[in-house]
Amino acid sequence: MKYENAVLDDLELQESLKQINPKFGDFVTRVAGEAWGLPLIDQKTKALITIAVDVVNQGQTGPGSPFGAHVSMALKQGATPEEIEELLLFLCAYAGFNKVAGCFGALNEIMEK
């Protein structure tokens, strides 16, 4: 299910964001929706970039953590689990092995569901 805009066209994502906090959900939908609407980088690449940002930022765990949502988004935009795994391996060199290790653990849990 590829979307033309991975934020504005994904009503399930928007609802999940509103469940975190209604004002937050609305704000993220508007701002991220505009960013995802920029035309030069395709949606799949943007989704993979968001995963890379999650790896580098690392501070988010628990409810509201974006990593799982971004993996789901990437898969919806046509990324394969193998591409996501390769992205994580690539990030070992630039973000650090320890950061990526935790993300592989989370990815394994996500892919089991």
Any sub-3.5 Å donor-acceptor pair from K99's side-chain atoms to V56's backbone N or O? yes
Q43 versus Y3, closest heavy-atom pair with distance: CG-O, 3.7 Å
Honestly curious: do F27 and W36 fall in one hydrophobic cluster under the side-chain, below-4.5 Å linking rule? no
Quick check: are there more than 12 heavy atoms from other residues, nucleotides or ligands sitting under 6.0 Å from CD of E34? no
Any side-chain to backbone donor/acceptor pair from N108 onto F104? Under 3.5 Å, distance only. yes
Sidechain-backbone polar pair: N5 side chain, G33 backbone, donor-acceptor under 3.5 Å: yes
Is the shortest distance from a Lys or Arg side-chain nitrogen in K76 or D10 to a carboxylate oxygen in the other one below 4.0 Å? yes
Shortest non-hydrogen pair, L91 vs A52, comes out as CD1-CA, 3.7 Å
Nearest non-hydrogen partners of G78 and E83, listed with the distance: O-OE1, 3.9 Å
Given 3.5 Å as the limit, does a donor-acceptor pair link the side chain of K46 with the main chain of L38, or not? yes
Find the distance between CD1 (I41) and CG (L48) and round it off to the nearest 0.5 Å. 11.5 Å
Looking at A6 and L13, what are the two nearest heavy atoms and their distance? O-CD2, 3.7 Å
Go through the steps to decide whether D42 and T45 satisfy the test side-chain hydrogen bond (donor to acceptor under 3.5 Å, both in side chains), and finish with yes or no. CA-CA 6 Å; D42 65 87; T45 302; 2.8 Å; yes
If the test is side-chain contact (heavy atoms from CB on, under 4.5 Å), which one of N21, I20, L17 qualifies with V28? L17
Heavy atoms only: give me the nearest A74-A47 pair and the separation to one decimal. CA-CB, 3.4 Å
For the student: nearest non-hydrogen atoms of L75 and T80, plus distance: CD2-C, 4.1 Å
May I ask you to decide if E12's main-chain N or O and S16's side chain share a donor-acceptor pair within less than 3.5 Å? yes
For G25, does its backbone N or O pair with a side-chain atom of T29 as donor and acceptor, under 3.5 Å? yes
Can you measure from CG (L8) to CZ (R30) and round to the nearest 0.5 angstrom? 11.0 Å
Check whether any side-chain N or O of Q14 sits under 3.5 Å from a backbone N or O of V7 as a donor-acceptor pair, and report yes or no. yes
